[in-house]
Amino acid sequence: MGKSLSRWRRQGKRLGIAVLFVVVGAGLWEFQERQHKDDYTWMGVPTWDGFHPTTFHRVLRNDGFLAGWSDVRANALWVSYQVEAVADDTRIGSRPNFKADWRTLWPIGTDSYAGSGYDRGHLAPNYAIAAVHGRSAQVDTFLMSNMTPQRPNLNRQLWQRLEESVMDHFAPRFDRLQVITGPIFPERFMDNVFNRVGFVEVPEAFYKIIVVPDEEATLALAFIMPQDVRGNEPLDDYLVTIDEIESRTGLNFFPDLSSEREAVVEGLLRTQGWALEEVARRPGRFQ
DNA sequence: TTTAGTGT
């Protein structure tokens with residue numbers, strides 16, 4: 001009797017220790033996860049309301065950026081990263097090779113865009129991530145989970161000019177920026193469901209949100225650029241409010257923003273302070 | 001090939 005009681009106690013103790021390990025481990029994991037998200041986002045990662053297969057996604061952690069991966073669209077619905085001003089003469093390492101990403105589940109190979117007429121367009125950009133976050137982050141931007149089918153005129157010209165403006169014009173003005181970028185799909189899922197490059201659904205447009213993450217004086221600039229552009233259009237032709245991007249993507253950006261500030265930051269189109277006119281017509285590098 | 005790529 002006494003023997004079985006002490007064995008029971010011993011087992012109880014072991015179980016207690018195991019539970020303690022799980023609790024502490026889960027707590028550390030959660031802490032680390034939150035830390036990681038805080039480093040790469042501002043006012044929370046994008047969320048969505050209700051259950052919709054087209055907005056449902058899971059967060060992939062990369063070095064230098066997060067990606068909200070949709071298994072339904074085989075696209076990242078958003079990528080989130082921060083940049084800061086770097087020296088004018090900053091050089092980055094040579095372009096890494098594109099790389100398949102096993103986390104996507106879909107077998108998206110580096111050659112799966114070949115002959116499609118679409119470029120493998122970066123969502124989180126090579127240059128900005130490399131210049132700010134280093135080589136291993138740069139390598140992660142070449143994961144196929146960070147690619148989306150983009151028409152060459154957009155990717156190599158208009159979109160490239162926008163990305164260049166972020167690092168060469170906006171970042172030096174404000175020191176630090178929060179950027180969220182991603183694809184936009186036609187309103188009706190069935191209209192576009194078979195419009196794919198391999199497994200990857202082809203977006204009709206792309207958005208980029210650029211925010212000065214200042215508690216008091218939040219400035220935000222947002223763009224939507226369609227696939228079919230010539231490439232030399234002025235950047236400010238594509239300005240939109242964050243609200244418009246939210247309504248076209250079904251996502252909620254900066255969910256931790258108070259509703260009063262959200263109304264201003266997301267609902268109004270304010271370009272004061274950005275000196276957009278200085279870069280809007282700057283030519284691209286590749287034409 | 002200056003921060004974007006494809007294709008030979």
Side-chain angles (χ1 to χ4, degrees), chain A residues 62-65 75-76 79 81-101 108-183 196-198 200 202-203 205-208 210 221 223 225-235 238 276 278-287:
Chain A
N62 296 306
D63 198 353
F65 66 103
N75 270 258
V79 298
Y81 56 94
Q82 299 194 352
V83 297
E84 51 197 63
V86 296
D88 285 348
D89 58 352
T90 299
R91 313 289 292 214
I92 60 167
S94 61
R95 287 170 69 87
N97 292 324
F98 290 92
K99 212 171 84 183
D101 187 345
I108 303 166
T110 56
D111 58 349
S112 65
Y113 286 42
S116 68
Y118 289 95
D119 279 1
R120 294 174 288 190
H122 280 71
L123 287 171
N126 168 36
Y127 175 77
I129 296 288
V132 177
H133 300 284
R135 180 65 183 179
S136 112
Q138 178 184 17
V139 168
D140 281 357
T141 69
F142 280 78
L143 287 167
M144 290 306 292
S145 55
N146 187 44
M147 298 303 145
T148 187
Q150 266 183 337
R151 291 249 103 114
N153 282 1
L154 176 63
N155 185 38
R156 305 174 191 188
Q157 297 192 56
L158 189 66
W159 193 257
Q160 188 279 329
R161 287 165 52 214
L162 179 58
E163 288 178 340
E164 183 165 327
S165 300
V166 170
M167 285 308 284
D168 292 359
H169 183 69
F170 301 135
R173 282 183 85 78
F174 300 108
D175 214 38
R176 205 163 67 91
L177 299 169
Q178 168 69 53
V179 185
I180 300 184
T181 198
R196 292 184 184 244
V197 171
V200 182
V202 179
F206 302 89
Y207 67 88
K208 190 179 288 289
I210 306 163
L221 215 53
F223 299 86
M225 294 178 169
Q227 290 274 22
D228 79 354
V229 293
R230 292 188 312 277
N232 57 358
E233 296 88 346
L235 298 179
Y238 301 95
L276 241 183
E278 290 178 23
V279 283
R281 290 165 192 279
R282 203 175 274 180
R285 320 173 82 85
F286 309 106
Q287 36 189 350

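Letters go in sequence order (proteins before strands), and every chain restarts at 1. Everything quoted here is computed from the prediction, not taken from an experiment.
- Between A/Met147 and A/Leu123, the closest side-chain pair of non-hydrogen atoms is not below 4.5 Å.
- Taking the centre of each ring, A/Phe142 and A/Phe98 come in below the 6.0 Å mark.
- Looking at heavy-atom distances under 4.0 Å, A/Arg91 makes no contact with the nucleic acid at all.
- Comparing A/Tyr127 and A/Tyr113 by the nucleotide of DNA chain B whose heavy atom lies nearest to each, the residue mapping closer to the 5' end is A/Tyr127.
- Using a 4.0 Å heavy-atom distance criterion, A/Gly284 is classed as making no nucleic acid contact.
- The stretch residues 121-130 of chain A participates, sequence neighbours left out, in these side chain to side chain donor-acceptor pair (under 3.5 Å) pairs: A/Asn126-A/Gln138.
- Only one option out of A/Ile210, A/Leu221, A/Val132 pairs with A/Leu177 in a side chain to side chain contact (heavy atoms under 4.5 Å, CB included); it is A/Ile210.
- A salt bridge links A/Asp119 and A/Arg156; the closest N-O separation between the charged side-chain nitrogens and carboxylate oxygens is under 4.0 Å.
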Donor-acceptor pairs under 3.5 angstrom involving side-chain atoms of residues 83-93 of chain A: please list them, not counting sequence neighbours.
residue, atom, partner, partner atom, Å
A/Thr90, OG1, A/Ala87, N, 3.3
A/Thr90, OG1, A/Ala87, O, 2.6

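- Applying the salt bridge (Lys or Arg N to Asp or Glu O under 4.0 Å) rule to pairs touching residues 123-144 of chain A yields nothing, sequence neighbours excluded.
- For the segment residues 142-160 of chain A, the set of residues with a heavy atom within less than 4.0 Å of an atom of DNA chain B comprises A/Asn155, A/Arg156, A/Gln160, in numerical order.
- For the pair A/Val229/A/Tyr238, a side-chain contact is recorded, criterion being any heavy-atom separation below 4.5 Å from C-beta on.
- If you check residues 164-178 of chain A against DNA chain B, the residues with a heavy atom closer than 4.0 Å are A/Glu164, A/Asp168, listed by number.
- Protein chain A touches strand DNA chain B; the 5'-most and 3'-most nucleotides with an atom under 4.0 angstrom of its non-hydrogen atoms are B/dT2 to B/dG7.
- Summary of the strand contacts: A/Ser116 and A/Ile92 both lie near DNA chain B, and taking for each the nucleotide with the nearest heavy atom, the more 5' one is attributed to A/Ile92.
- A/Thr148 is listed as a side-chain neighbour of A/Pro203, based on a closest heavy-atom distance under 4.5 Å.
- Between B/dT8 and B/dT2, the distance separating the two C1' atoms is 24 Å to the nearest Å.
- There is no side-chain donor-acceptor pair under 3.5 Å between A/Arg151 and A/Asn153.
- In this structure, the side chains of A/Met144 and A/Arg120 come closer than 4.5 Å at one or more pairs of heavy atoms.
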